[in-house]
Amino acid sequence: MFRSTSRLRDLAHSGKLEEAKGLFDGMKPRDVVFWTAMVNAYALNRDVDRASAAFARMPAADTIAWNAYLAAFAQNGLPLDARLAFDDMPGRNELSWTSLTQSYAQAGMLDSARAAFDRTPSHSVVAWTTVLSAYALCDNASEAKALFDAMPQRSVVSWTILMTTLAHKGRVAAAKELFDDMPQRDHVCWHAMLAAYSRNRQLDMATSLLHRMPQANAVALTTMIAAYAGTGDFERAAASFDSVPRRDSYTWNALLSAYSQNGHLVAASSIFDRMPQRDTIACNVMITSYAKAGELQRAMAIFENTPERDVVGWTVVITALAQQGDHQAAFHAFCCMDLEGVPAN
RNA sequence: CGGCAAGAGUUAGUCCC
């Protein structure tokens, strides 16, 4: 049972939801810990409905189970549902409060995040860092810096958040200074620094950082694919792709985008056909390329077959229709998006 | 150390051109 729970957790973290479900179905009896792992598995894979259905079926939920249920809403952009779950909880701990704060932070509801933090009984470094992330998400760099300086403790996560915020504002040098001043560095902060250079088109700095990194894994190399693609160097982008040891959908999508950004539609299309899986983002890349090339028919064909169409794909289609002068179709598409339950932004 | 909370890489728009 202990091992199955761990296995369930691992499957969930690697996106293997169906396998996780299979493991869950084959396991009886199930205790509250195992149930909680399943709720979390759904939540991690963006399936809030099944997460909350599983929670509802779970016998004798404890505080940790409630936290997993709350986190399902908090992490998936549903702050109002998170709040309802929070209010229903029979008991709360530090993690409950942090999840509530996070739900507001992620939704950009800075004041609510701040209020939740202020009501939190005791403030761990995670609680502080969660509020920091609220400012970071609004790209409020000066407030973030002030909060960072005022925090009683900082973790490597806090440092990384501030670094990323500065980089988003184009303040690469300030970001690098933070990076150098960090008391400890883990893999994520190295990747964040690499992304900072990439975003700000400092390719030579990115490359030299890459070579100094403890290990260049798929995350780092995918950053490089995008960095090269952004400067039109799709050959180096492809070379980076070839050097990725274990390619995931991010890696493939970055390569796809590298070709399509640079007008190599035929190559992009053949990559698209060869990809292990064509997720929403891959489809969006192709839709964008075809729309840009005026091949609306092809764009629409892919759009029709896109799994989980999102606001990005819809926006491309609506914009393309409008630019073609077909305002009626554009408006109709907008209404369809609404009907499908995809919120406009 | 069986389950729960904060940070990093890929697509539209957004910023500069």
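We name chains A, B, ... by the order of the sequence lines, and we start the count at 1 in each one.
For A/E340, the CD atom counts as densely surrounded, since its 6.0 Å shell holds more than 12 non-hydrogen atoms of other residues, nucleotides or ligands. Atom CD of A/E304 has more than 12 heavy atoms from other residues, nucleotides or ligands within 6.0 Å.
When rounded to the nearest whole Å, the span between CG of A/N67 and C1' of B/C4 equals 5 Å.
Counting distance only, with no hydrogens placed and no angle test, the side-chain atoms of A/D248 and the base atoms of B/G9 include a donor-acceptor pair under 3.5 Å. Taking only distance into account, the side chain of A/D186 meets the base of B/G7 through a donor-acceptor pair shorter than 3.5 Å. For B/G9, the base has no donor-acceptor partner in the side chain of A/T223 [N/O atoms by modelled type, under 3.5 angstrom]. For A/S96 against B/A5, a side-chain-to-base donor-acceptor contact under 3.5 Å is absent. Residue A/T130 places no side-chain atom within donor-acceptor reach of the base of B/A6, judged by atom type and a 3.5 Å distance cut-off alone.
Between A/Q106 and B/A6, a side-chain N or O to OP1/OP2 separation shorter than 4.0 Å is absent. A/R154 has no side-chain polar atom (N or O) that falls below the 4.0 Å cut-off from OP1 or OP2 of B/A6.
Comment: A/R7 engages A/E19 in a salt bridge, judged by a side-chain N to carboxylate O separation of less than 4.0 angstrom.
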Please report the C-alpha distance between A/D248 and A/T251 in whole Å, then the side-chain angles of each, then the deciding distance to 0.1 Å, and finally whether the side-chain hydrogen bond (donor to acceptor under 3.5 Å, both in side chains) criterion is met.
-> CA-CA 5 Å; A/D248 59 13; A/T251 320; 2.8 Å; yes
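Looking at heavy-atom distances under 4.0 Å, A/V157 makes contact with a base. Nucleic acid contact for A/V131: none, since no nucleic acid atom lies under 4.0 Å from a heavy atom of the residue. Looking at heavy-atom distances under 4.0 Å, A/T251 makes contact with a base. Across all strands, A/A43 comes closer than 4.0 Å to no nucleic acid atom at all (heavy-atom distances).
Distance from the side chain of A/V32 is smallest to B/G3 among B/G3, B/U11, B/G7.
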